[in-house]
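First up is the structure itself, then whatever we jot down about it.
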Amino acid sequence: MTLKHSLQALALAAFLGAPASAMAQGVKAPAGGKKISNELLGIFFEDISYSADGGLYAELVENGSFEYSPAERDGWGPGTAWKQIRPGHSLGTLQVRMDSPIHPNNPTYMRLHTERVKEYYDYAGFKGFGLENSGFDGIAVKAGAKYDFSAFFRNFGATKQVRVVLGVPQGWGKDPKVLAEATINVADAEWKKYEAVLTPAEDCANGILQVLVLNHGDLDVDMVSLMPQDTYKGHGLRKDLAEALAGLQPKFMRFPGGCVVHGGGDGFWDTYRWKTTIGPKEQRRGLKNTWGYHQSMGLGYYEYFQFCEDLGMEPLPILPCGVSCQGTNGGWSMKTQAQDVVPMNEMNEWVDEALDLIEWANGDVNTKWGKKRAEQGHPAPFNLKYLGLGNEEKITPEFEERFKYIYERVRAKYPDIVIVGTAGPGSHKGNPDYENGWRIADQTGVDVLDEHYYEPRDYFLNNQQNYDNYPRDRKTKVYLGEYAAKDKKLADALYEGLYLLGVERNGDVVTMTSYAPLFAKKNHESWNPDLIYFDNTSVVLTCSYYVQQMFGKTAGDYYYGDVATFEGGDKYQGTSAVLNTKKGELYIKLINAAAEEKTATIDLSKFKGISSKALMTTISGASLDVENNFNAQPVAPFGKEIKVAKNMSLAVKPFSANVITIKVK
């Protein structure tokens, strides 16, 4: 590799997220620019399509707390993902119990009654009585990596030996091939956590975990866990998925939803309660997921805030406002949608949810909730800046009354918190929810209003001027919190990119955006499209991911509309120029969604001390129909070094999104 190519590779690596060796000094913005938000691109995490359990949360055992229920999915129960095993013709019985649990929030556990463990007719294989877990579509492990096994046991009578086996199934009637194992002596008559480290001898994509009792008598078991030691920054998140999010360089993260926030289709009883997602894992309360599965809450509010800190993102938690999603009880399919509504004389409970969350995030260790945060391992405040109230609820009179009730009390106690309201589902002009959402925003002076819309790709192509005419004197700014073109081809990504150029142009009005949904696990998709697809061993970054990454990595604080233009351009071409005064970098974005090469002219005369060379990064494909999937990923960024002049022209490839990064002294 030549020196020139080495420099280009290093430059592209820096664009894709590798740490730079040095940072340019800050610069002053020249005249002619418009001050815009420097937090324009973030991420929205909702536990949909197994995004958390079986996804970002690195736990490998499914239903380790035995809390699955037929109320969550037909046919489910405490034994889901488990099976009773009795190798060596051992005998025993398995009993589901709830009479004396580790904690009331985690009531279900299993009692293993072992009757016979002697090898039958000198059987030379496995022996014992117990349970086998198949994980989330299998347990994937790597040779030589270390995995922390843990479980809570309660023993009755003499000490029990428990054999823990990580293995590969070999077919019916055969013992699994052992990848790693450990034996634990369980003596305590009260619930106690026992641990062991397993190091598999080879890679396996479809393993199982067995827990075998080797002695007669009774033993209770709960909270079975197998967690890789190598997680993102050691905080329990699956490393490759977390790194994919880090690669976007998001400025904030909205969580935990989405319809997850307020009960989705099941009603307000199923509302997410943040207080039951913090503290020791065995004391957290699982919840039926809106999308038809179980949330263990192993990924809870503490982990969300910690992840935001790890990535340098502002946390944006969303809390309910006392009404359910309008899709409750089949409402999405009914002409008249309905909401479950909290009586006004019970609304102070939901006010406290918000006030206590702010104290938990920002209070010192001497406050009630700040102390709880410190006890979990984070004595320093998280410095919460944003708080969302409501998630795309239908803007009914009941919603309006309850939103104002919470909003006024949070604003009175914490005037510096930036409060994000909602414009309802389908946030388009003329929609009654949109109009009422903005009316309430104007009345209350809420800081930011969250707009949502999912549309065919042509909507984004044909509405690039959507925010051009939003009032500039309005106190309330816009957060485009959920949006996506309704497919995952390169065309969708490029049209979304053209639309984002319009958003960037209006970065004085639109302060934040986040594509949605973020994740989907293969064979468990609840929505289409999604930004990132994955299975147990691989990750697919879509075309839209790379366009989002382009905007995330080129955030700035000043916009210039007269720097770049396309000769003979139309709606299929778009440009933007953004200056990051802190980094001393100018980003020129050029998108050409047409089938022909186009020429862009660039005028840099207003910028002083520009570098003579720059990195041009291109995302392109052979046609608008290409897409990244599990079989092929034909679209990925490519970088090359180009020369820079005060006035220059560039040939821009068809079907491409490009950004030129220029150092400015």
Side-chain angles (χ1 to χ4, degrees), residues 53 57-67 81-82 85 101-103 105-106 108-112 114 128-136 139-156 158-167 176 178-201 204 207-215 217-239 278-284 286 296-300 302-303 306 375-377:
D53 292 313
Y57 181 48
E59 174 62 62
L60 297 174
V61 173
E62 183 173 10
N63 192 22
S65 61
F66 307 107
E67 298 297 335
W82 294 96
I85 55 173
I102 299 172
H103 191 273
N105 283 345
N106 175 29
T108 310
Y109 60 94
M110 291 288 188
R111 177 162 293 175
L112 303 177
T114 306
F129 174 75
L131 293 165
E132 177 180 296
N133 190 271
S134 54
F136 297 91
I139 295 176
V141 294
K142 297 178 181 179
K146 296 184 183 299
Y147 296 84
D148 291 328
F149 168 85
S150 66
F152 278 79
F153 293 118
R154 178 170 55 191
N155 182 49
F156 296 87
T159 296
K160 306 289 190 303
Q161 279 194 320
V162 177
R163 185 186 183 203
V164 180
V165 178
L166 179 61
V178 176
L179 299 178
E181 65 175 308
T183 301
I184 299 171
N185 293 318
V186 179
D188 287 79
E190 300 296 333
W191 285 112
K192 180 181 176 182
K193 186 176 182 179
Y194 290 82
E195 299 173 300
V197 177
L198 302 178
T199 306
C204 176
I208 50 91
L209 182 75
Q210 293 187 343
V211 179
L212 293 164
V213 182
L214 304 181
N215 309 93
D218 290 346
L219 183 75
D220 291 340
V221 58
D222 200 359
M223 295 300 294
V224 182
S225 171
L226 186 68
M227 181 73 75
Q229 288 188 2
D230 187 20
T231 61
Y232 190 73
K233 298 196 175 182
H235 290 155
L237 302 186
R238 181 171 151 178
K239 201 169 183 179
I278 61 173
K281 300 289 179 74
E282 67 273 12
Q283 296 181 14
R284 301 184 186 186
S296 72
M297 300 306 176
L299 176 55
Y302 182 81
E303 289 75 23
Q306 191 174 57
E375 289 171 348
Q376 199 162 352

Item to check | Asn63: partners by side-chain hydrogen bond (donor to acceptor under 3.5 Å, both in side chains), with sequence neighbours left out | outcome: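 Testing Asn63 for side-chain hydrogen bond (donor to acceptor under 3.5 Å, both in side chains), a comparison that skips the adjacent residues, returns none.
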Next on the checklist: Tell me every residue that passes side-chain hydrogen bond (donor to acceptor under 3.5 Å, both in side chains) with Asp220, counting only those two or more places apart in sequence or in another chain.
Outcome noted: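 Listed in chain order: Arg111, Arg154.
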Applying salt bridge (Lys or Arg N to Asp or Glu O under 4.0 Å), name anything that partners [X], two or more places apart in sequence or on another chain.
{"X": "Glu282", "answer": "none"}
{"X": "Glu375", "answer": "none"}
{"X": "Lys146", "answer": "none"}

Item to check | Tyr109: which of Trp191, Phe153, Phe152, Phe66 passes ring pair (Phe, Tyr, Trp, His ring centres under 6.0 Å) | outcome: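 Answer after filtering Trp191, Phe153, Phe152, Phe66: Trp191.
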Look up atom [atom1] in [X] and atom [atom2] in [Y], then write down how far apart they are to the nearest 0.5 Å.
{"X": "Leu212", "Y": "Glu132", "atom1": "CG", "atom2": "CD", "value": "9.0 Å"}
{"X": "Glu67", "Y": "Asn105", "atom1": "CD", "atom2": "CG", "value": "9.5 Å"}
{"X": "Lys281", "Y": "His103", "atom1": "NZ", "atom2": "NE2", "value": "15.5 Å"}
{"X": "Asn106", "Y": "Asp222", "atom1": "CG", "atom2": "CG", "value": "4.5 Å"}
{"X": "Asn155", "Y": "Glu190", "atom1": "CG", "atom2": "CD", "value": "11.0 Å"}
{"X": "Leu166", "Y": "Phe149", "atom1": "CG", "atom2": "CZ", "value": "11.0 Å"}

Item to check | Any side-chain heavy-atom pair of Val224 and Asn133 under 4.5 Å | outcome: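 Not in contact.
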Checklist entry - Is there a side-chain contact between Tyr194 and Val164, using heavy atoms and a 4.5 Å cut-off? => result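 The answer is no, as the side chains (C-beta and beyond) never meet within the 4.5 Å cut-off.
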Checklist entry - In this structure, which one of Leu112, Thr114, Asn215 forms a side chain to side chain contact (heavy atoms under 4.5 Å, CB included) with Lys160? => result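 It is Asn215, the one option of Leu112, Thr114, Asn215 that forms the side chain to side chain contact (heavy atoms under 4.5 Å, CB included) with Lys160.
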For residues 225-234, tabulate all N or O donor-acceptor pairs below 3.5 Å that involve a side-chain atom, not counting sequence neighbours.
unit_1 : atom_1 : unit_2 : atom_2 : d
Ser225 : OG     : Glu59  : OE1    : 2.5
Gln229 : NE2    : Asp148 : OD1    : 2.8
Asp230 : OD1    : Lys239 : NZ     : 3.0
Thr231 : OG1    : His235 : N      : 3.3
Thr231 : OG1    : Gly236 : N      : 2.9
Lys233 : NZ     : Asp310 : O      : 2.9

Which atom pair, heavy atoms only, marks the closest approach of [X] to [Y]?
{"X": "Asp53", "Y": "Met297", "answer": "OD2-N, 4.4 Å"}
{"X": "Ser296", "Y": "Tyr57", "answer": "OG-CE2, 4.2 Å"}
{"X": "Gly128", "Y": "Leu214", "answer": "CA-CD2, 4.0 Å"}
{"X": "Glu62", "Y": "Trp82", "answer": "O-NE1, 3.7 Å"}
{"X": "Leu179", "Y": "Cys204", "answer": "CD1-CB, 3.6 Å"}
{"X": "Leu219", "Y": "Phe156", "answer": "N-CD1, 4.4 Å"}

Checklist entry - When you look at Leu198 and Leu209, which way does the side-chain contact (heavy atoms from CB on, under 4.5 Å) test go after all the steps? => result CA-CA 11 Å; Leu198 302 178; Leu209 182 75; 4.2 Å; yes
